[in-house]
Amino acid sequence: MSSTSEDRVRIGRYLARTRAEGPGERTAVWVQGCTIRCAGCFNPHLWTFRGGAEWTATALLERILAEETGGLTLLGGEPFDHAAPLAAVAAGVRDAGRSVMTFSGYTTAQLDAAVRGGRTGVAALLAATDLLIAGPYVAGLVDRARPWAGSTNQEFVLLNDRFPDLLAAARSTPDRLEITVAADGLVSVNGWADDDTLDALLHDLGRRTVSPSP
């Protein structure tokens, strides 16, 4: 797991409001940088630790809280490669009474091993996460039943009992795909769909940025 600045994090994409990255209306943040780099990843442009925009944890938290959504979803890139600053952000979101979902390409066993090895940032981000979706994306195990997860090997782990509805929603919420067209014609897509569906939706659109869930 990579180690980044304790109080700064590079953000590849920020989405103020979404209903495709978890239950209810949430704010979604994609970090810039991932050391796992799963084959078939939907967001290879977020692998590099260069690019994106650098935020302090304080400034990012202030912006998220100003959105007044029901919670925060952390995606990537790999959130646990930016664990320390994201832990501070997630803790602030939870202190405001909102839930935190974190996606990770690491398995729960790998995350537990990191905690045992003294990775305090990883421990802090886990402590500030309510629902963890953990495990690498495996292209041959595409998940067509559960929302949000990319492949069937990925675990849904409720880390506390503050928001039990988060896990319950995974059993009843369909996958959603959100498409936004900006004034300059740029098309942004988030959520989950298979390649054929994406190709059909984006046919003949010349400019696009795709950021589905991992």
Side-chain angles (χ1 to χ4, degrees), residues 11-32 41-43 45-46 55 60-79 86 89-90 92-105 128-135 137 142-152 154-160 162-183 185-202 205 208-214:
I11 301 303
R13 187 183 181 195
Y14 178 96
L15 189 58
R17 295 174 180 275
T18 177
R19 290 185 175 273
E21 306 298 349
E25 187 175 56
R26 313 180 66 77
T27 298
V29 174
W30 287 259
V31 293
Q32 181 75 47
C41 173
F42 297 102
N43 294 321
H45 59 291
L46 297 179
W55 288 73
L60 183 58
L61 174 61
E62 289 176 351
R63 180 170 180 184
I64 292 166
L65 294 183
E67 310 296 357
E68 298 185 348
T69 57
L72 169 67
T73 299
L74 297 171
L75 312 97
E78 171 53 49
L86 290 184
V89 173
V93 169
R94 292 175 84 244
D95 286 346
R98 307 179 196 181
S99 63
V100 175
M101 287 178 58
T102 303
F103 286 83
S104 178
T129 294
D130 299 298
L131 179 61
L132 174 69
I133 300 181
Y137 172 70
V142 172
D143 194 334
R144 303 185 188 282
R146 300 177 300 175
W148 318 318
S151 54
T152 56
Q154 294 173 320
E155 301 175 83
F156 283 59
V157 186
L158 196 64
L159 296 179
N160 56 67
R162 293 182 73 231
F163 299 96
D165 57 301
L166 291 177
L167 191 55
R171 304 185 184 101
S172 59
T173 303
D175 268 324
R176 291 185 171 92
L177 191 67
E178 293 178 338
I179 302 175
T180 304
V181 182
L186 181 67
V187 177
S188 298
V189 179
N190 68 286
W192 170 258
D194 58 35
D195 290 343
D196 290 342
T197 301
L198 281 174
D199 287 344
L201 287 169
L202 299 173
L205 292 174
R208 69 186 188 182
T209 299
V210 179
S211 294
S213 301

ask   = Angle class for the Tyr14/Trp55 ring planes (parallel below 30°, perpendicular above 60°, tilted otherwise)?
value = parallel
Give the minimum heavy-atom separation between [X] and [Y], together with the two atoms involved.
X: Pro23; Y: Met101; answer: CD-SD, 3.6 Å
X: Val93; Y: Leu61; answer: N-CD1, 3.6 Å
X: Leu65; Y: Gly92; answer: CD2-O, 4.3 Å
X: Leu75; Y: Ala28; answer: CD1-CB, 3.9 Å
X: Ala149; Y: Ile133; answer: CB-CG2, 4.4 Å

Determine yes or no for a side-chain-to-main-chain donor-acceptor pair under 3.5 angstrom, with [X] supplying the side chain and [Y] the backbone.
X: Asp143; Y: Arg146; result: yes
X: Gln154; Y: Ser151; result: yes
X: Asn43; Y: Gly76; result: yes
X: Thr27; Y: Ala16; result: yes
X: Thr69; Y: Gly71; result: yes
X: Arg17; Y: Glu25; result: no
X: Gln32; Y: Arg13; result: no
X: Glu21; Y: Arg26; result: no

query = Please, which pairs that meet salt bridge (Lys or Arg N to Asp or Glu O under 4.0 Å) have at least one residue in residues 92-105, sequence neighbours excluded?
reply =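 Residue pairs passing salt bridge (Lys or Arg N to Asp or Glu O under 4.0 Å), neighbours aside: Arg94-Asp130.
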Taking atom [atom1] of [X] and atom [atom2] of [Y], what is their separation to the nearest 0.5 Å?
X: Leu132; Y: Ser104; atom1: CG; atom2: OG; value: 6.5 Å
X: Leu72; Y: Leu86; atom1: CG; atom2: CG; value: 8.5 Å
X: Asp165; Y: Leu158; atom1: CG; atom2: CG; value: 9.0 Å
X: Thr129; Y: Asn160; atom1: OG1; atom2: CG; value: 9.0 Å

ask   = Are any of the side-chain heavy atoms of Leu167 and Phe156 separated by less than 4.5 Å?
value = yes
query = Given side chains that start at C-beta, do those of Ile11 and Val31 come closer than 4.5 Å, heavy atoms only?
reply = yes
task = Evaluate side-chain contact (heavy atoms from CB on, under 4.5 Å) for Trp30 paired with Leu15, printing each intermediate quantity in order.
result = CA-CA 9 Å; Trp30 287 259; Leu15 189 58; 3.7 Å; yes
